[in-house]
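Worksheet: the structure to be examined is printed underneath.
Every chain is numbered from 1 and lettered A, B, ... according to where its sequence line falls, protein lines coming before strand lines.
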Amino acid sequence: MNNGQIAEVFENIAGLLEMQGEKVFTIRAYQRAARTIERLPSELEDMVREEKDLKEIPGIGKAISEKIAELVNTNELAYYDRLKAEFPEGILDLMQIPGLGPKTTRRLWKELDVTSVESLEESIKDGRLASLPRLGKKTAENIARQISFARTKSQRMPIARAMPIATRIIEALRSRCPGIQQIQYAGSLRRYEETIGDIDLVCTSGSPQEVLDALVALPNVVDVLGHGDTKASVYLSDRIQIDLRVVDDRHYGSLMQYFTGNLQHNIQLRDHANSLGLSLNEYGLTHVDDGKLEEFADEESLYERLGLQYVPPELRTGVWEIPAALEHRIPGLVEIADIKGDLHDHTDWSDGRDPMEVMVAAAIDRGLQYLAITDHSVGRGIANGLSIERLSEHMKMVRDLDDRNPGIRLLCGTEMDIRADGTLDYPDSVLQELDWVVASVHSAMGQDRQTMTERIIAAMRNPYVDVVGHLTTRLIGERQPIEADFDAIFKAALETGTAMEINASPERLDLKDSHIARAREIGVPLVINTDAHTEESLDNVHYGIAMARRGWCEPHHIVNTLELPEFLEFLDTPKSERMKVFLRHA
DNA sequence: GCCGTTTTCGGCCCGACTGTTTTCAGTCG
């Protein structure tokens with residue numbers, strides 16, 4: 001049973017306990033455990049097998065660690081089964097409908113025998129729901145509306161879709177509201193979660209009502225979910241919800257902190273504030289004894305006032321970062337400016353859109369010191385992969401462009417298929433002519449875990465394979481990742497001196513954050529690549545940087561933060577010796 | 001259920017909005 005499945009069990013336990021009226025702190029403990037487990041860099045299965053003490057994980061104590069062990073060892077949990085037996089099947093689905101919490105869901109079940117979305121709809125139609133005490137016509141209408149939303153609303157959307165929508169809304173509000181002082185996205189978008197549930201915007205303005213009114217009046221708003229004095233929520237035709245909060249400029253820091261979250265981070269931060277005799281909310285810090293309010297115009301001063309190192313948004317998961325910030329152990333995370341080269345880029349020689357010259361000019365524009373042109377290998381017929389003959393011409397063109405562009409070092413490269421049997425698309429005699437070889441899985445992605453693991457490690461054992469591209473081949477929200485023993489692959493990477501790619505293409509984000517953290521722990525050299533197929537997608541590097549930051553990476557974990565001379569030294573060293581070079585320059 | 005430079009027992013984040021209410025419960029983030 002993998003971490004995602006275990007987390008789901010605890011999430012469900014929390015939901016059922018809520019409906020049972022269990023103590024709120026017990027519920028919260030299960031929710032916290034579920035969230036933490038989702039983000040663990042290592043599989044609990046492995047940790048149990050290696051007899052690691054799970055209680056060292058924050059929020060996991062005796063009871064939950066025993067339940068994890070039972071789940072891992074037997075694939076079942078007696079406690080969970082007993083709990084489930086007390087409720088009708090599918091009741092948790094009802095509680096997923098916005099507006100239906102544990103109390104209401106339980107009443108609908110007990111008083112109206114509603115246990116499914118279908119029977120819920122009937123109870124709305126025939127007026128039974130509205131006739132219950134403390135419910136009413138308006139509530140019934142709202143629930144009916146939420147049901148129809150639930151049918152059309154997309155699940156959490158990939159960050160690549162949410163980011164441009166957020167930017168458009170911000171621009172629209174700016175142009176309509178002269179009173180706006182500051183406006184920015186917060187929430188999961190600012191934390192660079194790979195998927196986004198809704199878009200949270202924070203704003204300061206001399207006239208809050210103007211901004212809130214402007215939001216609900218935007219042309220692509222199809223419904224208003226809330227519209228008060230300081231916040232409003234709307235539903236867009238893009239099938240996404242926008243939450244906007246407006247306060248005065250002098251509260252911007254605490255508002256931004258509050259609205260960036262995540263929930264667990266905020267709970268821990270507020271808990272810590274309490275220990276100092278302070279109470280934290282979105283307006284600032286209140287002294288518990290005399291009620292005096294301290295205000296914060298920026299986040300940095302807020303964290304500092306609490307005696308904490310500043311926590312970058314990408315780290316705010318509520319798992320490890322608050323204790324680290326207290327002890328000033330937050331590392332100096334990698335930034336865009338640290339990236340000196342891009343080592344995975346396509347041109348119109350294969351499936352890229354732009355000619356090589358255009359890509360090179362774009363790379364120079366962005367201040368890169370080196371660029372690897374890595375068009376597809378012959379196996380990718382569909383991507384116009386290069387035959388050995390075309391590859392030879394391709395190399396000539398790269399060398400020629402390199403001569404004519406002294407501002408950048410161009411590398412002859414390939415993105416070469418790792419075939420289903422672990423053999424490679426070009427023979428060694430060809431590979432040794434190339435400067436940089438990205439090896440990727442593009443086919444037979446459904447292989448079983450062991451076959452896939454052996455296939456990838458076999459490729460890594462080739463002395464000319466420099467890096468494994470987009471390891472899991474997932475497309476967020478579209479294609480599941482491969483099944484493989486990632487720990488074994490990372491260990492093989494360290495052993496062979498093969499780098500692992502952090503693919504910054506926002507549809508992929510592959511490696512993902514927890515894998516990055518694990519690879520970093522093991523000591524694998526990492527490379528942040530855009531996999532650009534157009535000149536503008538070179539700008540996607542910020543997504544890769546964010547994933548690396550979420551994996552707590554510093555510049556010295558990332559190979560392509562090396563300056564050109566150091567990188568060339570790395571490149572000129574045989575793979576088996578490369579780790580030494582990497583560590584020396586790190 | 002978890003956790004401890006106050007604590008192994010007694011705490012546990014905080015406020016906005018809505019609907020159905022005359023003072024607040026439920027839900028959400």
Original post:
What does T104(A) touch in the nucleic acid at a heavy-atom separation under 4.0 angstrom: a base, only the sugar-phosphate, or nothing?
Top reply: sugar-phosphate
**OP:** For P102(A), report the nucleic acid contact type (base, sugar-phosphate, nothing); a contact means any heavy atom under 4.0 Å.
**Re:** sugar-phosphate
Original post:
L278(A) or T230(A): which one's nearest nucleotide on DNA chain B is closer to the 5' end?
Top reply: L278(A)
Original post:
Between dC9(B) atom P and F25(A) atom CZ, what is the distance in whole Å?
Top reply: 19 Å
Original post:
Base, sugar-phosphate, or nothing: which does L280(A) touch, judged by heavy atoms less than 4.0 Å apart?
Top reply: sugar-phosphate
Original post:
Between D229(A) (CG) and dG15(B) (C1'), how many Å, whole number?
Top reply: 13 Å
Original post:
Applying the side-chain hydrogen bond (donor to acceptor under 3.5 Å, both in side chains) test to E321(A), which of R329(A), R316(A), H265(A) qualifies?
Top reply: H265(A)
**OP:** For dC3(B) and dC13(B), measure between their P atoms and round to the nearest Å.
**Re:** 14 Å
Original post:
When the C1' atoms of dG26(B) and dT21(B) are considered, how many whole Å apart are they?
Top reply: 13 Å
Original post:
Within the structure shown, what part of the strands sits under 4.0 Å from K137(A) by heavy-atom distance: base, sugar-phosphate, or nothing?
Top reply: sugar-phosphate
Subject >> For atom NE2 of H272(A) and atom P of dT5(B), their distance in whole Å >> reply: 12 Å
Subject >> Nearest-nucleotide pick for N274(A), side chain only, options being dG1(B), dG29(B), dC13(B) >> reply: dC13(B)
Original post:
Within the structure shown, what part of the strands sits under 4.0 Å from Y283(A) by heavy-atom distance: base, sugar-phosphate, or nothing?
Top reply: sugar-phosphate
Original post:
dC28(B), dC13(B), dC2(B): which one has an atom nearest the side-chain heavy atoms of I267(A)?
Top reply: dC13(B)
Original post:
Closest to the D271(A) side chain: dG29(B), dA16(B), dC13(B)?
Top reply: dC13(B)
Subject >> Distance in angstrom units between R191(A) CZ and dG29(B) P, rounded >> reply: 13 Å
Original post:
With sugar-phosphate meaning primed atoms plus P, OP1 and OP2, does R245(A) contact a base, only sugar-phosphate, or nothing at under 4.0 Å between heavy atoms?
Top reply: sugar-phosphate
**OP:** Give the nucleotide from the list dC13(B), dT18(B), dG29(B) with an atom nearest to the side chain of Y258(A).
**Re:** dG29(B)
Subject >> Under 3.5 Å on both distances, the Watson-Crick or G-U partner of dG1(B) >> reply: dC12(B)
Original post:
Between L100(A), D113(A), I91(A), which is the residue that forms a side-chain contact (heavy atoms from CB on, under 4.5 Å) with L108(A)?
Top reply: L100(A)
**OP:** Could you tell me whether D223(A) and R145(A) make a salt bridge, using a distance below 4.0 angstrom between a side-chain N and a carboxylate O?
**Re:** yes
Original post:
I322(A) has an atom CD1; how far is it from atom P of dG4(B), in whole Å?
Top reply: 14 Å
**OP:** Just compare dG26(B), dG29(B), dC2(B) and give me whichever is closest to any side-chain atom of A63(A).
**Re:** dC2(B)
Subject >> C1'-based separation of dC24(B) from dT20(B) [nearest Å] >> reply: 9 Å
**OP:** Pick base, sugar-phosphate or nothing for L135(A), based on heavy-atom distances below 4.0 Å to the nucleic acid.
**Re:** sugar-phosphate
Original post:
More than 12 non-hydrogen atoms from neighbouring residues, nucleotides or ligands closer than 6.0 Å to CD on E70(A), yes or no?
Top reply: yes
**OP:** Determine the interatomic distance between P on dC12(B) and the same-named atom on dT18(B); round to the nearest Å.
**Re:** 29 Å
Original post:
Over how many whole Å does the gap from L129(A) atom CG to dT20(B) atom C1' extend?
Top reply: 14 Å
Original post:
If you draw the axis of the six-membered ring of F10(A), does the NZ or CZ of K67(A) fall within 45° of it and under 6.0 Å from the ring centre?
Top reply: no
**OP:** Could you tell me the separation between the CZ atom of R106(A) and the C1' atom of dG26(B), rounded to a whole number of Å?
**Re:** 15 Å
Original post:
For E521(A), does the CD atom have more than 12 heavy-atom neighbours from other residues, nucleotides or ligands under 6.0 Å away?
Top reply: yes
Original post:
Using the C1' atom in both, what is the distance from dG10(B) to dG15(B), to the nearest Å?
Top reply: 25 Å
**OP:** Test the K84(A)-Y80(A) pair against the cation-pi criterion, namely NZ or CZ under 6.0 angstrom from the six-membered ring centroid and within 45° of the ring axis.
**Re:** yes
**OP:** Report the nucleotide, chosen from dG29(B), dG1(B), dA16(B), that has the shortest atom-to-atom distance to any side-chain atom of E282(A).
**Re:** dA16(B)
Original post:
Within a reach of under 6.0 Å around CD of E86(A), are more than 12 heavy atoms found that belong to other residues, nucleotides or ligands?
Top reply: yes
Original post:
Side-chain N or O of N266(A) less than 4.0 angstrom from OP1 or OP2 on dG29(B)?
Top reply: no
Original post:
Which comes earlier along DNA chain B counting from the 5' end, the contact point of S65(A) or that of R145(A), where each point is its nearest nucleotide?
Top reply: S65(A)
**OP:** Could you check whether T139(A) gets within reach of a base, just the sugar-phosphate, or nothing at all, counting any heavy atom under 4.0 Å?
**Re:** sugar-phosphate
**OP:** With heavy atoms under 4.0 Å as the rule, sort Q268(A) into base, sugar-phosphate or nothing.
**Re:** nothing
Original post:
Would one find a side-chain N or O of K103(A) under 4.0 angstrom from OP1 or OP2 of dG26(B)?
Top reply: yes
Original post:
Between dA16(B), dG19(B), dG1(B), which nucleotide has the shortest distance from any of its atoms to the side chain of K67(A)?
Top reply: dG1(B)
Original post:
S233(A) side chain N/O closer than 4.0 Å to the phosphate oxygens (OP1, OP2) of dC17(B)?
Top reply: no
Original post:
How close or far is atom C1' of dA16(B) from atom NE2 of H251(A), stated in whole angstroms?
Top reply: 15 Å
Original post:
Hey, does the side chain of R32(A) come within less than 4.0 Å of dC12(B)'s phosphate (OP1/OP2), counting only N and O?
Top reply: no
